[in-house]
Every structure is written in C-alpha cells, then in structure tokens.
Amino acid sequence: MPNAEERIRRLLRAGEAVTRPALARAAGVSAVLAGRIVARLVARGEVEEAGRVPSGGGRPVMQYRVAAGYGRLVHFRVERAGHVLRGGAVVTDMRGEPLHRSREMSFAMLHAESLDDWLDADARRGGSPLRGITLSLPETLPPCGLEEHLAHRYGCPVRRINAALALAMRETRDDTLVLYLPRGGVPQGAHRRRGGIVPCGQLHLLPVQVPWEEMDYTDATLVVETVSRLVMLLTCTLSPRRVALYADFWSGKLTTRIRYNCSAKLERCPNPPSLHFRPLPEEGLVIYN
C-alpha cells in the first residue's frame with residue numbers, strides 16, 4: 001500500500017482539479033494530513049491552485065491540480081506480434097497531455113538496456129525533468145530487470161501497468177474493482193481502494209468453465225456463466241462496492257443476464273457490489289500516472 005503522500009499524488013495525477021477534503025476522503029487520511037501534504041506539493045511546484053468552488057453554504061474552498069510543467073512522463077507500450085515484440089513510446093506532461101511520440105520499435109527480445117537509446121535521445125531534446133516511466137508489457141514476458149535498471153539509470157519511479165491498471169486510473173470512485181475482458185485473452189483486474197490501485201494477479205488461475213483463450217463469444221450462455229463466476233469469485237475475495245467491466249462485446253440482453261446471474265450467485269453476500277458495463281475507450285488504454 002503506498003504511503004499517504006503517494007496516494008494523494010496519484011489521485012491528483014489521475015483526475016481533474018480536486019479539493020483537499022475530497023483528497024482526504026479518497027486517500028483515507030485526515031483533512032489535516034491531506035492539507036499538509038498538499039501544501040508540501042504546492043511548495044515543490046508539483047501541484048498548483050486551480051480556483052475556488054462553493055462549499056455548500058460556507059466559504060468557497062480551493063481546488064488543486066497537478067502542475068503540467070513540473071516534469072514529463074514517458075509511457076512505453078510493448079505487444080507481441082508473432083515471434084517479435086513491437087512497441088512505441090509517448091511523452092506527456094504531468095497531466096497526460098502528449099508532447100511527442102516515438103516511431104514504432106521492434107525487439108527480438110527485451111533486456112534491461114533495451115530502452116536506453118530512446119530515453120537518452122529524448123533527454124537530449126531538453127525540457128522539463130523526467131518524473132516517471134510506465135511500462136505496458138505482455139503479461140507473459142519473462143523478468144528481464146527492465147524496471148530496476150530504468151529506475152536506477154534515470155532516477156525516477158518506474159511502474160509496470162496493464163490494461164486493467166490503466167482503466168482503473170480512469171475511475172473516479174474509490175473501492176472499485178476494474179475487470180478488463182479482452183477477446184481471446186485472459187482477463188485482467190485491478191482494485192482501486194484508499195487512493196491506491198492494486199493489480200488482482202493472474203486471473204487465469206481462477207476456476208472457470210473453459211479457458212479464457214478458448215471462449216466462444218457467440219455462446220451467450222457460456223459468456224454469462226463465465227463472467228458471472230469471475231465476478232462472484234473476486235467479490236467474495238475483495239468485497240468491492242462496485243465492479244466496472246470493460247469489454248467490446250456487451251449487449252443489452254447480455255448485461256441483463258449477467259446482472260441476474262450475479263444477483264443469484266451473490267444473494268447471501270451482505271453487500272453485493274453494483275455492476276457497471278463499459279465499452280473500451282476509443283483512444284486506447286494508454287494512461288499516464
């Protein structure tokens with residue numbers, strides 16, 4: 001679990017302008033501690049004031065947002081394409097606005113120094129300091145020491161994220177379980193809770209009717225039963241308040257049947273979660289933290 005300052009930093013980077021009381025509630029800390037952390041971030045130039053908003057009867061309260069010019073972030077995306085790895089990179093400001101993109105890159109395999117030349121060339125462009133690197137890599141990629149090498153060489157945080165983590169960063173409500181259900185692939189999950197986002201591990205190990213890679217998405221009964229079982233298993237383990245399911249195969253009939261099936265499976269659960277069926281973002285799954 002990240003510390004309070006890191007939770008508040010991630011909340012600010014993941015959303016729009018927000019007040020200190022709202023940050024305190026989302027991060028699970030006291031208003032006094034949230035105020036101290038925000039003041040410290042403002043003093044560093046990492047966070048800036050974004051105007052006052054009504055407080056519901058009292059004096060207007062100040063909103064805060066991450067300062068775009070505090071630094072830049074780099075996101076590398078690598079995917080399998082047959083027997084090779086293909087990827088690319090995007091550099092953004094601290095609010096996620098793209099500054100420039102790289103050409104597509106190909107790798108026979110990834111090793112610890114694979115990205116050094118590109119990052120060194122980006123550093124020669126000048127501009128604001130590098131504040132973070134995110135890596136979106138295939139789940140089955142064997143360890144290669146890439147994260148540790150980049151953190152040591154460039155002196156900034158390095159995080160490996162997958163599609164579920166990227167989608168969870170878009171969620172604005174706490175205690176939300178995000179499930180990404182790709183056709184022909186294994187589901188991914190991430191739980192947004194107390195200002196942090198925790199991956200759910202390898203969901204292909206959970207018992208379902210057929211392997212996810214062999215799922216026939218034209219068989220509605222099979223899809224309903226398999227998705228409902230996944231929701232039930234994770235709800236019993238994590239007890240989320242809501243579950244956001246992202247896929248490209250939803251229909252009104254399918255989601256209605258899944259809701260009914262889940263309610264039957266979770267009828268003994270004291271606080272069953274609400275289900276939210278969402279399409280995949282049109283602009284893709286890259287997000288910058």
With the 4.5 Å side-chain cut-off for hydrophobic clustering, are Leu245 and Val186 part of the same group? no

Using a 4.5 Å cut-off on heavy atoms from C-beta on, say whether the side chain of Leu12 contacts that of Leu41. yes

Heavy-atom side-chain proximity of Met94 to Leu73 below 4.5 angstrom: yes

Working for side-chain contact (heavy atoms from CB on, under 4.5 Å), residues Ile258 and Val231: CA-CA 10 Å; Ile258 292 173; Val231 171; 5.6 Å; no

What I'd like to find out is whether the side chain of Thr92 reaches to under 4.5 Å of the side chain of Glu97, using heavy atoms alone. no

Would you check if the side chain of Arg241 reaches a backbone N or O of Asp175 as a donor-acceptor pair within less than 3.5 Å? no

Would you kindly confirm whether Leu167 and Leu179 end up in one hydrophobic cluster when ILVMFWY residues are joined by side chain heavy atoms under 4.5 Å apart? no

Mind checking whether Val91 and Leu115 sit in one hydrophobic cluster, side chains of I, L, V, M, F, W, Y counted as touching below 4.5 Å? yes

When rounded to the nearest 0.5 angstrom, what is the spacing between CZ in Arg192 and OG1 in Thr176? 8.0 Å

Rounded to the nearest 0.5 Å, what separation is found between the NE2 atom of His75 and the CZ atom of Arg101? 10.0 Å

For the pair Glu5 and Arg44, find out whether any cationic side-chain nitrogen is under 4.0 Å from an anionic carboxylate oxygen. yes

Determine yes or no for a side-chain-to-main-chain donor-acceptor pair under 3.5 angstrom, with Arg95 supplying the side chain and Val66 the backbone. yes

Is there a donor-acceptor pair closer than 3.5 Å between any side-chain N or O of Tyr154 and the backbone N or O of Asp116? yes

In this structure, are over 12 heavy atoms from other groups packed under 6.0 Å from Phe249 atom CZ? yes

Rounded to the nearest 0.5 Å, how far does OG1 of Thr134 lie from CZ of Arg159? 8.5 Å

If every non-hydrogen atom of Ala24 is compared with every non-hydrogen atom of Ser30, which pair is closest and at what distance? CB-O, 3.9 Å

Rounded to the nearest 0.5 angstrom, the CG-CZ distance for Leu99 and Arg72 is 8.5 Å

Starting at CG of Leu137, measure out to CZ of Arg160 and round the result to the nearest 0.5 Å. 4.5 Å

At their closest point, which heavy atom of Ala220 faces which heavy atom of Leu254, and how far apart are they? O-CD1, 4.0 Å

Val210 with Tyr217, same ILVMFWY side-chain cluster at under 4.5 Å: yes

What heavy-atom pair brings Leu181 and Pro187 nearest, and what distance separates the two atoms? CD2-CB, 3.7 Å

Working for salt bridge (charged side-chain N to carboxylate O under 4.0 Å, His left out), residues Glu104 and Arg77: CA-CA 10 Å; Glu104 291 294 300; Arg77 171 191 50 79; 3.2 Å; yes

So for atom CZ, which belongs to Arg40, do other residues, nucleotides or ligands contribute more than 12 heavy atoms lying within a distance under 6.0 Å? yes

Cys200 versus Leu238: any side-chain heavy-atom pair under 4.5 Å? yes

Less than 4.0 angstrom from a charged side-chain N to a carboxylate O is my criterion; do Arg229 and Glu225 meet it? no

Side-chain heavy-atom pair Leu234, Pro240 within 4.5 angstrom cut-off: no

Does the pair Arg257 and Thr221 meet the rule for a side chain to side chain donor-acceptor pair (under 3.5 Å), with working shown? CA-CA 9 Å; Arg257 290 179 62 184; Thr221 300; 3.2 Å; yes

Donor-acceptor under 3.5 Å (Ser114 side chain, His111 main chain): yes

Minimum heavy-atom distance between Asp93 and Ala68, given as atom pair plus value: CB-O, 3.5 Å

What orientation do Trp250 and Phe277 show, parallel under 30°, tilted 30 to 60°, or perpendicular over 60°? perpendicular

Step through the shown structure and confirm whether more than 12 heavy atoms of other residues, nucleotides or ligands are within 6.0 Å of CZ on Arg173. no

What do the steps show when you test Phe76 against Leu119 for side-chain contact (heavy atoms from CB on, under 4.5 Å), and what is the final call? CA-CA 10 Å; Phe76 282 102; Leu119 281 168; 4.1 Å; yes

State, yes or no, whether a side-chain contact exists between Val61 and Arg20 at a heavy-atom distance under 4.5 Å. no

Testing the basics here: between Ala112 and Gly145, what is the closest heavy-atom pair and its distance to 0.1 Å? CB-O, 4.0 Å

Is the shortest side-chain heavy-atom distance between Val47 and Ile8 below 4.5 Å? no

Closer than 3.5 angstrom, by distance alone: can the side chain of Glu48 be matched with the main-chain N or O of Ala67 as a donor-acceptor pair? no

Do Thr255 side-chain atoms and Gly252 backbone N/O form a donor-acceptor pair below 3.5 Å? yes

At their closest point, which heavy atom of Val90 faces which heavy atom of Pro98, and how far apart are they? CG1-CB, 4.2 Å

For the atom pair OH (Tyr246) and CG (Leu280), what is the distance rounded to the nearest 0.5 Å? 9.5 Å

Given the rule in the side-chain contact (heavy atoms from CB on, under 4.5 Å) test, do Ser106 and Val84 qualify, once you have shown the distances and angles that lead to the verdict? CA-CA 7 Å; Ser106 297; Val84 301; 5.5 Å; no

What donor-acceptor contacts under 3.5 angstrom involve side-chain atoms of residues 124-133, with partners at least two apart or in another chain?
residue: Arg125; atom: NE; partner: His100; partner atom: NE2; Å: 3.4
residue: Arg131; atom: NE; partner: Tyr70; partner atom: O; Å: 3.1
residue: Arg131; atom: NH2; partner: Tyr70; partner atom: O; Å: 3.3

Would you say the side chain of Val198 lies within less than 4.5 Å of the side chain of Arg193, judging by non-hydrogen atoms? no

Hydrophobic cluster identity match, Trp212 and Val178, side-chain contacts under 4.5 Å: no

